[in-house]
*Asks:* 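This is the structure, below, for whatever I ask next.
Quantities reported herein were computed from a predicted structural model and do not represent experimental measurements.
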Amino acid sequence: MFWNKNISGVEYWFIGIFFTVYLLYFLKIVYISIKLKISARASFLKFLPRLFAFSLLIIALLEPSFGNYDNNARENASNKIIYFLVDVSKSMDAKDIAPTRLEKTKNELKKIVTYFPMDRFGIIAFASDAIVHTSLTTDTNILKELIGTLNTDYFATAGTNLEASFKLCLEKINETNFLNGTSAAIIAFTDGEDFSDVSESTINDIKRKRINLFLVGVGTKNGSYIYDKDGKILKNKNGSFVNTKLETEYLKSIGAQTNGRYLEYTNTNSPLNDIIEGIENLKGVKNLQSVNASKPGNKYHYPLIIAIFIICIDLLLPIQIFNLNNKSGN
């Protein structure tokens, strides 16, 4: 399951208002029950379905997307497999490349998938760890939608674990049924900061499987401060302002060891054409039929319909259904 939106100020306001109003409601019921010397238990029980309905409304606001692999799907596709590895560490919020490093990366990813509608793309997000953000699919609209949900709030701890992203990507590629002529490529977008080492065995796996590796450095060597959601400059543990700079040497080293390519995104340079050319040069058979396709879609209406149903039941049925002996009002 994927979330097309993240919890923002709007959702936090709704949650705060709900619990504030219900707290006042509870206090009122308790006050009346004490005055009248009657039980208020049934009124308290109504909190559970209301809380459930409210939770479903929040889920609907976050727009969940999910779907299963359809093994019988027949699509016009090639057998090229391309995985994007996207750095979502906090340093990707730096604004030395407008609007931010991550937003620039997302814009370029959308251009790439639009240019190759028959190729299969997957996305792995990584920082201190790595997760599959988007399974392999040829659905350009789904890819664009899920690219837009990439953000720097995935991982609570700092770090850029490129090793974890490579391992996860290799695992997913191994799970794919390779056919004659299949080519695989990994295109990693990162600012190169705070890396954990990539192991020799991982590098050898990339070379042995003849995976085409593109390492894309995003940022500038002069760097930039990192701002939080309130527009304040982030500080490190020592209280100093955090300045993040593009680190290229380690990325170039990995590229050299894997026979890959190192490219850079800066304010004055875009390697988009180089990436497109690299994907075009991958060996692959076009018009391959009967490929597995992931088809997650926006399913916000499911929790919304259930929430509305619960709310209607709550409004139509009297409180006595919970406690026939309860004399307090709704």
Side-chain angles (χ1 to χ4, degrees), residues 1-33 39-70 86 88 90 93 100 102-103 106 110 123 125 127 131-135 137 139-156 228-231 294-324 326 328-330:
M1 179 182 290
F2 305 102
W3 305 96
N4 294 315
K5 294 184 179 179
N6 301 299
I7 293 182
S8 62
V10 175
E11 286 76 30
Y12 284 124
W13 271 106
F14 276 132
I15 293 171
I17 291 171
F18 175 81
F19 283 105
T20 300
V21 170
Y22 227 95
L23 177 61
L24 294 175
Y25 171 77
F26 274 167
L27 293 176
K28 176 185 175 182
I29 293 299
V30 170
Y31 176 77
I32 293 174
S33 64
S39 172
R41 183 175 57 185
S43 294
F44 284 97
L45 290 176
K46 296 210 76 174
F47 174 72
L48 296 177
R50 289 172 180 172
L51 176 63
F52 184 51
F54 177 77
S55 300
L56 289 172
L57 289 175
I58 293 295
I59 291 173
L61 280 174
L62 298 179
E63 298 184 5
S65 293
F66 52 90
N68 299 316
Y69 281 101
D70 181 2
V86 183
V88 292
K90 293 296 181 182
D93 282 334
T100 67
L102 182 57
E103 290 302 318
K106 288 158 64 172
K110 291 177 182 178
I123 303 172
I131 61 171
V132 175
H133 181 72
T134 310
S135 301
T137 180
D139 192 319
T140 302
N141 291 328
I142 290 295
L143 282 166
K144 287 182 178 180
E145 189 175 333
L146 295 178
I147 286 170
T149 66
L150 288 164
N151 63 81
T152 58
D153 294 327
Y154 276 131
F155 304 98
D228 61 20
K229 293 180 179 179
D230 297 324
S294 179
K295 293 290 186 181
N298 193 334
K299 304 297 193 305
Y300 75 92
H301 49 281
Y302 290 148
L304 180 61
I305 291 172
I306 297 173
I308 292 174
F309 176 77
I310 294 173
I311 292 171
C312 290
I313 294 297
D314 182 46
L315 292 174
L316 293 174
L317 295 181
I319 196 171
Q320 283 76 11
I321 65 169
F322 296 102
N323 188 345
L324 296 176
N326 189 357
S328 62
N330 189 7

*Asks:* Name the orientation class of the two ring planes belonging to Tyr154 and His133 (parallel below 30°, tilted from 30 to 60°, perpendicular beyond 60°).
*Replies:* perpendicular
*Asks:* Does Ile310 have any side chain to side chain contact (heavy atoms under 4.5 Å, CB included) partners at least two apart in sequence or in another chain, and if so, which?
*Replies:*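 Expected list: Pro49, Phe52, Ala53, Leu56, Ile306.
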*Asks:* So, does Asn151 use its side chain to make a donor-acceptor pair with the main chain of Thr149 at under 3.5 Å?
*Replies:* yes
*Asks:* Please enumerate all residues that pass side chain to side chain donor-acceptor pair (under 3.5 Å) together with Thr100, with sequence neighbours excluded.
*Replies:* none
*Asks:* Which of these, Ile131, Ile147, Thr137, sits in a side-chain contact (heavy atoms from CB on, under 4.5 Å) with Ile123?
*Replies:* Ile147
*Asks:* Output all residues satisfying side chain to side chain contact (heavy atoms under 4.5 Å, CB included) with Phe19, sequence neighbours left out; order by chain, then residue number.
*Replies:*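 Phe19 satisfies side chain to side chain contact (heavy atoms under 4.5 Å, CB included) with Ile15, Phe47, Leu51 only.
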*Asks:* Quick one: side chain to side chain contact (heavy atoms under 4.5 Å, CB included) partners of Thr140, sequence neighbours excluded?
*Replies:*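 Result, side chain to side chain contact (heavy atoms under 4.5 Å, CB included) vs Thr140: Val113, Thr114, Pro117, Lys144.
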*Asks:* Got a sec, which residues hit side chain to side chain contact (heavy atoms under 4.5 Å, CB included) with Ile308, two or more places apart in sequence or on another chain?
*Replies:* Leu304, Cys312
*Asks:* Checking Phe309 against Ile313 for the side chain to side chain contact (heavy atoms under 4.5 Å, CB included) test, could you report, in this order, the C-alpha distance in whole Å, the side-chain angles of both residues, the deciding distance, and whether it holds?
*Replies:* CA-CA 6 Å; Phe309 176 77; Ile313 294 297; 4.0 Å; yes
